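Okay, so here's the structure we're looking at.
Not measured: the values here are computed from a predicted model. All heavy atoms count here, side chains included; hydrogens, waters and symmetry mates do not. Note that the numbering runs from 1 along the sequence shown for the chain.
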Amino acid sequence: MKLDCYSLKNGASAGSVDLNDGIFGSKVNDHLVYEAVRAELANARQGTAMAKARSEVSGSRSKLYRQKGKGRARAGYSQSPTRVGGGVAFGPRPRDYRIRLSKRVRQAAMISLLSLKVSQGVLRVVEDFECESGKTKDMHAMLKAMTASQRVVIIANKLGEKTRRAIRNIPWVKCYDSARLVYKDLFYAKEILVTKSAVADIEAHYAGAVKGE
């Protein structure tokens, strides 16, 4: 598979790049993509939410008033969930939300996700670049020459600290190394820019998954 390569400085075409069909042109498995995004979101949850039950709320354990003769509803002790200041019935408890996926499933999901974005015309290849000034406004101008959306993901491995800092200051752009891709951000991205060096790294990283190893 061939994709056009662009220069980020002016948005002009800079030749073409051969992509591995097994990684960027494979059959999309929607369910694997769903499972990967779901697991990633679940693993980001802290699971520390907690509400006190009736046995954990402080207060007297004696009956509030006698059972009969008051003309009021029957009442036990003040920690009852039906009373103000009482415990919470079926409230949240600390728990582990993590979902574990095997390495093979994670790799297959990423291959499906990359192939999906290529088929949608969202993923584009750009030449390796640097923002020499390290200024956000200069980086913003470079990206505006290539992108028109408000949700952009850049995949680049060989970026200097100045360039990464300039990208980090743009709220609608996220930058990742090829070895640390985030399923959620790739799935919801309106445009994905991948540098030529990152393409080579991605193909080398997922070569074993394509061969079925």
Q) Think Lys117 forms a cation-pi with Phe187, using NZ or CZ under 6.0 Å from the six-ring centre and within 45 degrees of its axis? A) yes
Q. For atom NZ of Lys2, is the number of surrounding heavy atoms from other residues, nucleotides or ligands below 6.0 Å larger than 12?
A. no
Q. Heavy-atom count around Tyr65 OH within 6.0 Å, excluding the residue itself: above 12?
A. yes
[X] side chain to [Y] side chain, donor-acceptor N/O pair below 3.5 angstrom:
X	Y	result
Tyr206	Asn20	no
Tyr77	Arg54	yes
Ser197	Asp128	yes
Ser16	Asp4	no

Q. Going through the distances and angles, do Ser112 and Asn29 end up as a side chain to side chain donor-acceptor pair (under 3.5 Å)?
A. CA-CA 6 Å; Ser112 289; Asn29 189 324; 5.7 Å; no
Identify all side-chain donor-acceptor contacts of residues 67-74 below 3.5 Å with residues at least two apart in sequence or on another chain.
residue: Gln67; atom: OE1; partner: Lys63; partner atom: NZ; Å: 2.9

Q | side-chain contact (heavy atoms from CB on, under 4.5 Å) between Ile155 and Leu193, intermediate numbers included | A | CA-CA 6 Å; Ile155 304 175; Leu193 305 180; over 6 Å; no
What's the shortest heavy-atom distance between [X] and [Y], and which atoms?
X	Y	value
Leu64	Ala75	CD1-CB, 4.2 Å
Gly91	Val88	CA-CG1, 3.7 Å
Arg164	Cys175	NH1-SG, 3.9 Å
Cys131	Asp138	SG-CB, 4.0 Å

Q: List for me each residue that meets ring-ring contact (aromatic ring centres under 6.0 Å, His included) alongside His140, sequence neighbours excluded, and say none if there are none.
A: Trp172
Side-chain heavy atoms of [X] within contact of [Y], under 4.5 Å:
X	Y	value
Lys190	Val122	no
Phe24	Ile202	yes
Val126	Ile154	no
Lys184	Leu41	yes
Glu127	Leu8	no
Met1	Val118	yes
Glu191	Arg124	yes
Leu159	Glu130	yes

Gap between atom [atom2] of [Y] and atom [atom1] of [X] - 0.5 Å precision:
X	Y	atom1	atom2	result
Asp18	Glu203	CG	CD	9.0 Å
Thr163	Ile167	OG1	CD1	6.5 Å
Ile170	Met142	CD1	CE	10.0 Å
Leu113	Leu186	CG	CG	5.0 Å
Tyr97	Asn43	OH	CG	13.0 Å
Lys27	Ser115	NZ	OG	12.5 Å

Q) Are Met110 and Tyr188 in one and the same hydrophobic cluster, where Ile, Leu, Val, Met, Phe, Trp and Tyr link if side-chain heavy atoms are under 4.5 Å apart? A) yes
So does [Y] get a backbone contact from the side chain of [X], meaning a donor-acceptor N/O pair under 3.5 Å?
X	Y	answer
Arg93	Ala51	yes
Asn157	Ser178	yes
Glu56	Ala53	yes
Tyr183	Arg38	no
Lys174	Val152	no
Gln79	Gly59	yes

Q | Working for side-chain contact (heavy atoms from CB on, under 4.5 Å), residues Gln107 and Lys103 | A | CA-CA 6 Å; Gln107 289 183 334; Lys103 179 180 178 181; 3.4 Å; yes
Q. side-chain contact (heavy atoms from CB on, under 4.5 Å) between Leu123 and Leu3: does it pass, once the steps are laid out?
A. CA-CA 9 Å; Leu123 189 146; Leu3 278 185; 4.2 Å; yes
**Q.** Worked check of side-chain contact (heavy atoms from CB on, under 4.5 Å) between Lys196 and Cys5
**A.** CA-CA 8 Å; Lys196 293 174 70 174; Cys5 182; 3.6 Å; yes
Q. If you group Ile, Leu, Val, Met, Phe, Trp and Tyr whenever their side-chain heavy atoms sit less than 4.5 Å apart, what else falls in with Val105?
A. Leu32, Ile99, Leu101
